[in-house]
Each structure stands twice: as structure tokens, then as C-alpha cells.
2 protein chains.
Amino acid sequence: MSIKIFLDESEMPRQWYNVAADLPPTPPPLAPNGEPLTPDVLSPIFPMNLIEQEVSTERWIDIPEEIVDILYRWRPSPLRRAVFLERALGTPAKIFYKDESVSPAGSHKPNTAIPQVWYNKKFGTKTLTTETGAGQWGCALSFACSLLGLTCKVYMVRISFDQKPFRKTMMEAWGGKCVASPSNETESGRKYLAKDPSMPGSLGIAISEAVEEAVADKSGSTKYSLGSVLNHVMLHQTIIGLEAKKQLAKIGIKKPDVVIACAGGGSNFAGLAFPFIHDKINGENIDIIPVEPTSCPTLTRGIYTYDFGDAAGLTPLLPMHTLGHNFMPAPIHAGGLRYHGMSPLVSQAVKCGLAAPMALPQLESYSAALTWARTEGFVIAPESSHAIAAAIREANKAKEEGKEKVILLNVSGHGLMDLAGYSKFLNGELTDYSLPQEEIDKAERELDNLPKI
Amino acid sequence: MSIKIFLDESEMPRQWYNVAADLPPTPPPLAPNGEPLTPDVLSPIFPMNLIEQEVSTERWIDIPEEIVDILYRWRPSPLRRAVFLERALGTPAKIFYKDESVSPAGSHKPNTAIPQVWYNKKFGTKTLTTETGAGQWGCALSFACSLLGLTCKVYMVRISFDQKPFRKTMMEAWGGKCVASPSNETESGRKYLAKDPSMPGSLGIAISEAVEEAVADKSGSTKYSLGSVLNHVMLHQTIIGLEAKKQLAKIGIKKPDVVIACAGGGSNFAGLAFPFIHDKINGENIDIIPVEPTSCPTLTRGIYTYDFGDAAGLTPLLPMHTLGHNFMPAPIHAGGLRYHGMSPLVSQAVKCGLAAPMALPQLESYSAALTWARTEGFVIAPESSHAIAAAIREANKAKEEGKEKVILLNVSGHGLMDLAGYSKFLNGELTDYSLPQEEIDKAERELDNLPKI
């Protein structure tokens with residue numbers, strides 16, 4: 001039985017898929033002051049070649065061959081069939097998963113880190129700044145900068161920095177520099193520290209710091225890099241779903257019935273799902289499910305409006321589902337799923353009914369992760385465990401209905417740097433947490449002061 | 001350019017290679033009291049089917065198809081060409097590496113954990129006990145027991161248990177039970193704790209505890225499992241080298257010029273090298289290099305004689321290179337290379353001149369690991385870094401000589417659970433350590449009291 005489907009180098013996708021070509025146009029991003037966004041607002045932050053990609057509506061965009069060469073170190077990632085989980089569940093469903101944990105950085109993040117560093121290098125950038133939550137993006141960018149010879153500076157959300165000291169070591173192994181955020185190195189950081197020296201930080205604050213450092217370099221040789229949310233990031237990640245389609249075709253499967261991926265800022269979900277949203281727009285019947293934690297329910301309970309990408313209001317205003325840029329997420333362990341906002345393209349897909357989000361509690365997700373380890377064998381990232389939990393729900397539904405559904409999911413990364421969370425779960429120290437309605441009402445009032453879509 | 005060579009399921013080796021068929025016979029193991037070893041000494045420890053494999057001199061041994069099915073989850077492991085390292089070194093050598101980090105447990109250890117658990121299950125064993133140093137073997141056996149439904153109990157060397165708390169969590173994710181050794185759970189453990197309650201432990205002590213627990217179960221349903229040293233373990237690991245040969249053949253390479261792997265108890269080295277020792281015996285010209293740390297130089301400076309596998313003298317006496325079973329290794333970070341003894345088959349191969357061991361210092365090895373991360377991209381185990389360091393020496397030699405040598409090495413595992421060592425190296429907190437001659441003289445005097453070969 002085919003339980004692993006590989007592609008060789010010649011079968012690697014040579015183009016990314018741009019869902020912006022097929023979705024109704026998203027409302028335009030705005031400058032932080034609410035005015036129309038002009039290139040001079042973005043150009044101190046990003047190189048022009050990536051800005052062009054960000055606004056492109058071309059459906060297929062060529063992947064430069066030099067980027068293919070680097071991605072080929074670990075890509076195409078395997079598509080595996082989770083036969084051992086299927087057997088344990090006694091489901092007639094066939095469960096397939098893309099395994100993005102095989103990259104050197106251990107997650108899907110290098111799929112966009114490599115192109116972003118490559119385009120920046122081409123443009124003349126010498127240093128990239130960024131933020132990281134759980135640490136996966138900081139590792140991915142350090143890794144990519146190391147291979148291509150750029151300097152990398154990472155602001156890591158303090159609570160993760162303290163909980164996961166070895167993420168910093170990993171970044172340093174690749175020559176990256178990692179500081180805890182809020183830090184003393186930026187005005188934004190100092191402002192937050194002055195209010196509360198022991199504050200745990202947030203992705204929004206870390207983004208403010210990284211953007212501030214990039215913009216402050218008037219020589220223009222420092223730029224900022226974002227690991228999720230933006231259109232060009234979603235674009236780069238579509239290589240996951242494009243490979244998966246080829247891999248399923250290889251074993252005679254025309255289309256999956258259900259596509260599942262966890263969604264924090266949206267890039268992991270978009271990477272797997274957008275190529276299938278393309279098919280759905282063209283008439284295929286596919287259930288497409290982004291999964292988020294009940295503690296940070298951006299898509300299922302957030303407000304669709306303009307909001308800042310960061311906490312300090314330095315980024316452009318993006319049209320997206322958001323819990324408000326002042327949202328302070330509960331310290332659950334799936335650090336990659338704690339962002340207040342969501343990719344505008346993912347938000348748009350949900351808005352159009354092309355994807356139907358689901359929010360799952362933490363305990364069910366960890367429990368699914370243990371089931372996975374004890375059947376499929378791999379210890380996966382707490383983020384990915386949300387996708388596994390949703391897949392188990394779908395597989396059980398297929399069992400009840402007696403349907404031989406094909407379920408496709410994405411394992412965004414391994415959980416080897418996240419064992420503190422597993423340990424707490426195994427010791428019964430974790431609880432479920434659902435965001436109180438007051439928090440959402442508060443966000444709604446605050447967002448009322450920003451421009452409306 | 002072919003930088004990754006995969007095999008598909010049909011190309012997986014269906015037989016293990018038993019080097020005992022081709023080496024001069026090793027001196028027979030003896031009972032702990034020095035008498036000839038009879039099956040009733042071994043049968044409380046190991047199941048009879050593995051004892052038969054242990055003493056077999058058949059050259060090729062069939063791999064049961066059920067074991068192939070499980071190994072196929074991650075095997076055949078990729079053979080990759082380290083082109084990026086080659087370019088950085090400017091060497092004419094071609095460097096290939098087997099990547100054993102792709103297994104769910106993250107190392108080569110599951111190659112023998114799966115067969116050992118499978119044969120035990122067939123024999124009726126319900127519980128397996130074992131020891132672990134760095135934690136890789138404990139994870140591998142927990143993983144294997146989880147898939148096949150056995151109970152797993154792991155005695156983990158206390159210094160590693162304290163330094164690497166998440167190894168325990170990993171074992172628990174697979175349902176394994178892990179305790180620090182010396183423990184209060186066995187007579188051997190209590191004896192050591194009585195002398196020194198804070199003693200860091202050693203592999204030898206942990207083996208004593210695990211063997212004691214197995215033998216104490218008079219129902220016979222508890223057996224002991226060893227992750228290295230023994231003949232059947234070497235046998236199971238040969239799948240690595242057998243795959244590598246097929247992979248090299250696929251790209252037209254008849255044989256490597258140099259084969260390199262790190263050696264602690266010997267299984268990682270044997271796994272890659274024994275199939276090439278077969279070729280060497282049959283006339284091929286291949287340099288075969290086991291690499292060990294200067295702090296635990298078993299093959300390069302140890303004594304070839306009978307010694308116990310454990311510290312308390314509960315195991316049979318094995319003919320091997322040893323630093324003495326009372327050897328207390330310096331706390332270097334390559335925990336998997338800190339064993340006092342060596343596989344009798346590896347010892348025999350070295351004795352016969354079929355392999356030429358090399359001892360390397362810690363700092364050169366960590367430095368090689370960083371070079372590897374910044375060229376090839378992967379963060380590898382500190383054990384494997386010794387092989388990388390040796391490969392860099394060989395590649396530089398090839399450069400000096402202007403020779404297009406083919407170097408084949410084994411990356412035994414990833415380093416994601418070993419980042420504390422990387423952190424200390426990056427912070428300049430590590431030093432080199434070479435075992436003083438007095439230690440070896442002392443071992444020689446102690447070993448004088450045991451039977452001679």
C-alpha cells in the first residue's frame with residue numbers, strides 16, 4: 001500500500017499559485033493614518049520586488065530556479081497516508097498528510113523564508129529584522145539568512161523566549177541574533193517595558209519592534225520580513241498544496257473531500273488550502289477547514305474590519321478578521337496560533353464561504369497529538385495538533401456516515417521544541433480556555449475608531 | 001545534480017547482513033563468573049529468538065515482512081550529497097551522507113528497536129526494560145513499544161535526565177516510563193545511591209538496573225533490551241549501509257573511498273560500515289573510520305579484553321575494546337559516545353585492520369556541527385558531529401592531494417534535543433578533554449582480575 005508518496009526534483013512545482021487572481025478583490029490596505037497606501041509607506045519596510053509580489057493579481061508566478069535549488073534540499077515534502085491512525089479510529093476515511101516537519105528548521109516556514117531572503121538579497125538588503133512567537137519563524141529566517149549570507153535579527157515574544165531557551169540557540173547555530181521582546185533596543189519596546197517590566201509580550205509588540213528597527217536604518221539596507229499574514233507569504237506557501245495535488249494524482253486521487261490545516265496568521269493553512277480553493281472556485285466539492293484554538297478564535301469569532309498588524313500601530317491597516325491589535329492572548333502552548341489578526345486573503349476566502357473555520361479546545365488537540373504519536377509515530381507541533389483533532393472529528397463523522405472520504409491535512413512542524421507543553425498536558429496541568437465575550441466586545445469598541453471596510 | 005537519492009518500498013533491503021559470517025570468529029562471551037556461557041544465563045534477559053540471532057553466523061538474515069512494513073514509515077532514509085559543504089571547503093571530494101534523523105525518534109536507534117520489540121512480542125514478552133544515555137535509545141524503544149503494544153521502562157543516566165528533561169516527555173508521549181539512574185527501584189541503584197546520593201550515573205549503572213529488573217520478573221514476561229554493543233543490534237542496523245550501497249549504485253558510484261561514522265557502543269558505525277567491510281574483505285579498497293571522542297577513546301586507547309557490559313557485573317563478559325566497566329566518563333555533551341566498552345564485532349573489525357579508528361576533540365566536533373548547520377542547513381546530534389569533523393579532515397586531505405574521493409558518512413540523528421550543548425559551545429563554555437593515561441592504566445590493572453582472551 002502506498003503510505004508515502006514522493007516527488008522527484010523534476011516534478012517540483014515551478015510556479016506559485018496566487019489566489020488573489022481568483023478571489024473577489026480584497027479591500028486595499030491603508031496607511032497607518034487611514035489614508036490610501038502609497039509605495040513610499042511600504043518601501044522603507046520591504047524591498048520593491050516583494051511589494052510588487054504583494055499586490056500582484058497574476059494567477060501563476062514563476063519560482064526562480066535558484067530558489068527551487070534551495071527548496072530542493074528538503075522539498076518536495078512527503079505526502080503520507082495515516083493508515084495507522086485510520087486503523088485505530090476504524091474509519092473508512094483515507095487520511096493523508098503533508099509533512100512539513102522535514103525542513104531543516106522543522107516547519108513550513110522556510111518555504112517563504114528562502115524566497116523572502118532571496119528577493120531581499122537581490123534587492124541589496126544586508127540585514128533582515130523580524131519577530132517570532134513560538135520561535136519557528138525566527139529559526140526559519142535565521143536558517144535562510146545563513147544560507148544566503150544575510151544578517152538576521154529576531155525579536156522573540158518574551159514568554160516564548162523564556163519558555164523555549166533552545167529556540168534562541170537554534171537561531172544562533174545559524175548565526176542569527178535573538179532578543180526577547182519587549183526589548184530595550186527600540187522605542188516601542190521601551191514604552192511597553194516602562195509600563196510593565198515583566199510583561200510577557202505579544203506578536204503584535206514584537207512586530208512593532210522589528211519594523212521600527214528596519215525603518216530606522218536610513219541607508220535602506222535593513223528590511224523587515226514577516227512570516228505570515230501578507231499576500232506574498234501566502235503565495236510562497238502554496239508550494240505545499242501544489243505538491244499535494246500532484247502527489248494525490250500520482251495515486252489516482254482526483255481531489256480530497258476535506259482539506260484541513262491550522263491557522264494562526266494563515267500561512268500554513270493558505271499553503272495547503274489555496275490550490276484547492278482554486279479547484280473549489282472551479283466547481284469541485286471540497287470542504288476546506290482552517291482550525292484555530294478557542295483561546296484565540298480570530299476567524300470564528302473575530303471582527304472583519306481594518307486593523308493594524310502590530311500592537312503599536314506602525315504597520316499598514318489590513319482588511320482582516322481580528323480580535324483587535326491590543327489583544328493579549330492567553331498563554332496556551334500553541335504559540336504559533338496566538339496572533340490577533342489573520343491573513344487578508346484567508347479572511348477573504350472565509351468571507352466568501354470558500355473556507356469554513358473551526359475552533360478547537362487545547363485539551364482535545366493535545367489528546368489528538370498523543371493519539372498521533374502512538375499511531376503514526378511522530379511528535380508533532382501543538383499548532384498542528386489542532387488539525388489532527390479536526391481530522392479525527394471528520395474521520396469519525398465519515399465512520400458514522402459510512403463514507404470513504406479522502407481527508408487531507410497539513411502537519412506544519414514537529415513538536416520537538418514544544419515538549420514543555422506536552423509535559424504539562426501529560427501531568428494534567430493544562431485546562432481549556434475559551435475567549436470571554438467581553439474581550440470581543442472590547443475589541444469591537446476599540447476597532448470602531450479605525451477606518452471601516 | 002542529484003543531491004538526494006531515495007529508494008522506494010520495493011527497493012528496501014529484505015535481508016540484514018551479518019558480518020560475523022565474514023570476520024574471524026570472536027572469542028566466545030563468558031558468564032559473569034568466567035565460566036562458558038550457557039543459554040540459561042541469557043534466557044532470563046533476552047528472548048530465545050534474539051539469542052539465536054545473537055549467535056548466528058549466517059551471512060544474510062531475512063527481515064520479516066511485518067518489520068519491513070513498520071520500518072517503511074521512514075525508511076529507506078535519504079542519501080544526500082553535501083554539495084554545500086563541499087563548496088564551502090573547496091574540496092574535489094564528493095561527500096554523501098545517510099540521514100538517520102528522519103525517524104520518528106530522531107535517530108538510527110529505531111532500526112533495531114522495532115525488530116527487538118517485534119521478536120520479543122512474538123516470544124511473548126509483555127514489558128521491556130532498558131537504559132539510555134543521551135535519551136535517543138530510550139525514545140526509540142518507547143516509540144517501538146508504543147507501536148507494537150508492549151510496556152516500556154527506561155533507566156536514564158541521571159546527568160542526562162537532569163540536563164534533558166524533555167527526553168522523558170518524549171518517552172511519555174509514546175507511553176514509556178522513564179526514571180533517573182541510579183534509582184531507588186533496584187538493588188544495584190540503591191547501592192550506588194547509598195555511596196553517593198547525587199552521583200551522575202553512567203550507562204554501565206543504568207544497564208545493571210534494567211537487567212536486574214528484567215531478571216527479577218520470574219514470570220519471564222519482562223525482558224531487557226540493549227540499544228547497541230550486541231551482535232543482533234549491529235545486524236539490524238546494517239539496513240543503513242545496505243541502503244546506502246543501493247543509493248550510490250543508483251547514481252553510478254561503485255564504492256565509496258572513505259566510510260565514516262561515530263562510534264559509542266558501535267551500532268551507528270556498524271550500521272553504515274559493515275556492508276562495506278564485506279566489500280573490503282572481498283578486495284575493495286575502502287578506508288573505514290569509526291570516530292570517537294578523545295574523552296572516551298575506547299577503540300583508539302582502550303584495552304582489548306573480556307569485560308562486563310555494565311558497571312555492576314551482571315552482564316556476560318564480552319571480548320571488546322574497553323576502558324574498564326568502572327570507567328566514569330567526563331560529562332561531555334555527546335552522551336551517546338560515553339560508553340566504556342564497544343561492540344565485540346566492531347572491536348574485532350578494528351583488531352583485524354578492517355577499520356581504522358580516530359579520536360576527535362569536542363571543540364573541533366562542535367565547530368564542524370556549526371559549519372554543517374550553516375552550509376547543509378541541518379542541526380545535527382553532537383555524536384554525529386564527530387563524523388562530520390572527520391569528514392571535513394578527509395575532504396581537506398583530498399583537496400591537498402587533489403583527489404576526487406567519494407566520502408560516505410552517517411548522520412546518526414538530529415540535535416534538536418541537544419541544544420544545551422550547542423548553547424555552551426556558542427557561549428565559549430566548553431573545553432577539550434583528553435582522557436589521562438592514569439585512567440587507562442587503572443583500568444588495565446582492574447581488568448587484570450578478569451579472564452583473558
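Throughout, a chain's letter reflects where its sequence line sits, starting with A, and its residues are numbered from 1. Since this is a predicted model, take the numbers as computed values, not measurements.
Interface remark: B/Thr375 contributes backbone atoms only to the contact with chain A (heavy atom separation under 4.5 Å). Residue contact with chain A, scored on non-hydrogen atoms closer than 4.5 Å, is absent for B/Ala369. Neither the backbone nor the side chain of A/Ala144 comes within contact range of chain B, judged by heavy atoms closer than 4.5 Å. Looking at A/Ser101, there are no atoms closer than 4.5 Å to chain B (heavy atoms on both sides), in backbone or side chain. With a 4.5 angstrom heavy-atom cutoff, A/Phe6 touches chain B only via side-chain atoms. For A/Phe143, the part sitting under 4.5 Å from any heavy atom of chain B is the side chain, from C-beta outward, and nothing else.
For the options A/Leu416, A/Leu370, A/Asn427, heavy-atom pairs under 4.5 Å to chain B are most numerous at A/Leu416. Interface remark: of the candidates A/Ala173, A/Ser146, A/Ser423, A/Ala173 forms the most heavy-atom pairs closer than 4.5 Å to chain B. Listed options B/His414, B/Met417, B/Arg80, B/Glu172 were ranked by heavy-atom pairs under 4.5 angstrom with chain A; first place goes to B/Glu172. Residue with the most contacts toward chain A among B/Trp174, B/Tyr422, B/Trp74: B/Trp174 (heavy-atom pairs, distance under 4.5 Å).
Because its NZ or CZ atom is not both nearer than 6.0 Å to the ring centre of B/Phe161 and within 45° of the ring axis, B/Lys168 does not count as a cation-pi partner of that residue.
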Kindly indicate, with the supporting measurements, whether the criterion side chain to side chain contact (heavy atoms under 4.5 Å, CB included) is fulfilled by B/Ile114 and B/His236. CA-CA 9 Å; B/Ile114 296 291; B/His236 300 155; over 6 Å; no
Worked check of side chain to side chain contact (heavy atoms under 4.5 Å, CB included) between A/Ile63 and A/Ile239: CA-CA 10 Å; A/Ile63 309 178; A/Ile239 195 166; 4.3 Å; yes
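Just one residue in the list B/Glu243, B/Glu11, B/Glu9 forms a salt bridge (charged side-chain N to carboxylate O under 4.0 Å, His left out) with B/Arg75, and that residue is B/Glu243.
Applying the 6.0 Å contact sphere to NZ of A/Lys177 captures no more than 12 heavy atoms from other residues, nucleotides or ligands.
Using the six-membered ring where Trp is involved, B/Tyr366 and B/Phe425 have ring planes that are parallel, under 30° apart on the 30 and 60° scheme.
No donor-acceptor pair under 3.5 Å is formed between the side chain of A/Gln136 and the backbone N or O of A/Gly106.
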